[in-house]
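Before any comments, here is the structure.
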Amino acid sequence: MKRRDFLKGIGLIAAGAAVAPKALAGTFSPEQKALTEPFNPELKEPGSLNSLDLGIRGLRPNVNKQITMVIVGAGNRGSVYARYAELYPDAVKVVGVSDINPARKANVAEKHSIPQNCQFGDYRELLAAGKIADAMVIALPDDLHYDSCMKALELGYDVLLEKPCAQTEKQCRDILAQTHRYKKIVAVCHVLRYAPYFIALREIVRRGYIGNPVSFQHLEPIQYAHMAHSYVRGNWRNSKETTPIILAKSCHDLDFLRWIIDKPCKSIAADGSLHLFKSDNAPEGAPKRCTDGCPVEAKCPYSAIDIYANKRRHLHVFDLPKGYTREDIIEKLRTSAYGRCVYYCDNDQPDHYVAAMLFEDDVTASFSMEAFTPKGRRRTRIMGTTGMIDGDGAQFTVWDFRSGEKQVWNRKVSEIPEYKGAGHGGGDHALMRDFVEAVAWQDPNRLTSTIDVSIESHIMGFAAEKSRKYQRKVKIKI
Ligand SMILES: NC(=O)c1ccc[n+]([C@@H]2O[C@H](COP(=O)([O-])OP(=O)(O)OC[C@H]3O[C@@H](n4cnc5c(N)ncnc54)[C@H](O)[C@@H]3O)[C@@H](O)[C@H]2O)c1
């Protein structure tokens, strides 16, 4: 007799969690019931993992009308979301823009034919004009999210809010309360929840391929040059002006863990520090800028000349003119924050960070954020009662202990034509698709990252930082 039939026979499945032994029932939601039983190969759908319908959709939104939106902060992220409207103009139109950088504002305004009276500098000018669209995309620096989002909700906008939502736990809770007060939709840009790879990984776990998941290991390799660019020289270098790196960089990862485990986090213990990028570690004779004749420039992996002028990484921050030359880049390094020696910056963000988490039902997770890594994707290993999954951010392998069978999910996102070139493994534009649908149908359930659910991983982030700072395990209360 199959285990499921046996359990049905003795009434455990029908009777539910109240009478089932803890090891079998736990507190699983109905759709998670499969996780309470060892994986049965007979239940597996035929065909390879790649052929399964795991809920990955194309990027065209299914809407009943065109929605309008304003882009607030037309930098890197704002442009990504505005681009979606170029691809699906019948579903979404950008009707306004705000940015204090005239070139960025003009760029979005030109692409979307935005009239002069709907082009604004500071976001407060836009808010003073009242409500001019259905939705607002807030892609401002971290310290401006709170004020802009609170006022946008008051004006009646639905909001796509970049992460981190705000700089403190209280501010995040205020945004949640304001969302409810004005009955609006706030989607937090936790783009991993929308990326096909992560959707597939989560779905395989939910379908019970490794039985009951017990423990998770997750690695976020920041990459040495990205660390130097964003968290040593650049916009997120100072935790007080922005947010601690566990939120600024890793709230995606805490959110991914909360989402895939699908149970509340009970406690967190974190550690980590700024090991390398401080003046004590400056090489002898190093000047304040890489362009000032540094004796170790030719060997230093963090050389601004190498990262920007040789390897041409992260150049969007310079707003270079069309047809720019190497000398144009070098000039930016002589004058901007990005030319500074990494040992002489005003930075305080840790370059390595670990966190151990306990979730409901004794599920554990460990997380590592590492600056000292080459370019690479996030890695996840999931240990279950009947199997294990090992994923590298593009593909994952599923082991079944009893059969010894090993299967691989390695569907290429680029095989879905609309996903080609979409950032974060397709997550950026899939998030936009769901946001546009949610606004058009006024249905927040079309999103998986509303503020209501995203707030939990933010609270985990604030708790992690408290734990790291005060060197103690922190209990989490949602
Ligand atoms: N979801 C993700 O994966 C992801 C990735 C990177 C960044 N982010 C977040 O997105 C947000 C924006 O990051 P970014 O990389 O696009 O930064 P960015 O610097 O490229 O863009 C921010 C823009 O805001 C503009 N701005 C600043 N002050 C303003 C004001 N008072 N009024 C109007 N405009 C103003 C700037 O001129 C700039 O163009 C940040 O909160 C960041 O943490 C999210």
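Because the structure is a prediction, the values reported are computed rather than measured. All ligand and atom numbering here is 1-based and tracks the order in the structure.
Against a heavy-atom cut-off of under 4.0 Å, H424 is close to the following atoms of ligand 1: 2 (C), 3 (O). If you number the atoms of ligand 1 from 1 as listed, the ones under 4.0 Å from a heavy atom of L144 come out as 28 (N), 29 (C), 30 (C), 31 (N). Interface atoms of ligand 1 facing S98, defined by a heavy-atom separation under 4.0 Å, are 33 (C). Near G121, with a cut-off below 4.0 Å to any heavy atom, the atoms of ligand 1 are 32 (N), 33 (C). The G75 neighbourhood of ligand 1 comprises atoms 20 (O), 21 (O), 23 (C), 39 (O), with distances under 4.0 Å to a heavy atom of that residue. For ligand 1 and N235, the ligand atoms under 4.0 Å from any heavy atom of the residue are 19 (O).
Contact check for D174 versus Y146: side-chain heavy atoms found under the 4.5 Å cut-off.
A donor-acceptor pair under 3.5 Å links the side-chain atoms of R202 to the main chain of W259, judged by distance alone. Judged purely by atom type and a 3.5 angstrom limit, T380 has no side-chain atom pairing as donor or acceptor with the backbone of G391.
Residue contacts with ligand 1: P141 is placed with no nitrogen or oxygen under 3.5 Å of a nitrogen or oxygen of the ligand (distance criterion only). Backbone and side-chain nitrogen or oxygen atoms of D122 are examined, and one is located within less than 3.5 angstrom of a nitrogen or oxygen of ligand 1. Among the atoms of C189, some N or O lies under 3.5 angstrom from an N or O of ligand 1.
H275 NE2: 12 or fewer foreign heavy atoms inside a 6.0 Å radius. A 6.0 Å sphere centred on CD of Q471 holds more than 12 heavy atoms belonging to other residues, nucleotides or ligands. Counted within 6.0 Å of CZ on R377, heavy atoms from surrounding residues, nucleotides or ligands total 12 or fewer; the atom is thus considered open. Counting heavy-atom neighbours within 6.0 Å of K311 NZ, excluding the residue itself, gives a total above 12.
Under a 4.0 angstrom heavy-atom cut-off, S79 registers as lying outside contact with ligand 1. By the 4.0 Å heavy-atom criterion, H145 is counted among the residues contacting ligand 1. F120 does not count as a contact of ligand 1, since none of its heavy atoms falls under 4.0 Å from the ligand.
With atom 22 (C) of ligand 1 as the reference point, the heavy atom nearest to it among G73, S230, A139 is part of A139. Heavy-atom proximity to atom 36 (C) of ligand 1, evaluated over D147, N101, N76, D99, is greatest for D99.
A248 and D142 make their closest contact through CB-OD2, 4.3 Å (heavy atoms, listed as atom of the first residue, atom of the second, distance).
At a 4.0 Å heavy-atom cut-off, ligand 1 touches H252 through the side chain alone. At a 4.0 Å heavy-atom cut-off, ligand 1 touches K163 through backbone and side chain alike. When heavy-atom distances to ligand 1 are checked against a 4.0 Å cut-off, R77 comes that close through both its backbone and its side chain.
Under the side chain to side chain contact (heavy atoms under 4.5 Å, CB included) rule, H458 has a single partner from T243, V188, I451, which is V188. With E437 as reference, R57 is the one residue of R57, K65, R60 to meet the salt bridge (Lys or Arg N to Asp or Glu O under 4.0 Å) rule.
Shortest contact from atom 44 (C) of ligand 1 to any protein heavy atom: E162 OE1, 3.0 Å. Of the protein's non-hydrogen atoms, Y123 N, 3.0 Å is the one closest to atom 32 (N) of ligand 1. For atom 43 (O) of ligand 1, the nearest protein heavy atom (residue, atom name, distance) is D142 OD1, 2.9 Å. Scanning the protein heavy atoms around atom 17 (O) of ligand 1, the nearest turns out to be W236 CH2, 4.1 Å. In terms of protein heavy-atom proximity, atom 26 (N) of ligand 1 is closest to I100 CG1, 3.7 Å. Of the protein's non-hydrogen atoms, L140 CD2, 3.4 Å is the one closest to atom 35 (C) of ligand 1.
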Query raised in the report: Do H190 and F256 pass the ring-ring contact (aromatic ring centres under 6.0 Å, His included) test, and can you show the C-alpha distance, the side-chain angles, and the key distance before you say yes or no?
Result: CA-CA 8 Å; H190 279 142; F256 159 69; over 10 Å; no
Query - Derivation of the side chain to side chain contact (heavy atoms under 4.5 Å, CB included) call for F367 and E220 - result: CA-CA 8 Å; F367 168 64; E220 184 193 19; 3.8 Å; yes
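Note on D434 versus R446: no salt bridge recorded, every NZ/NE/NH1/NH2 to OD/OE distance being 4.0 Å or above.
With no hydrogens or angles considered, a side-chain donor-acceptor pair links Y81 and E162 at under 3.5 Å.
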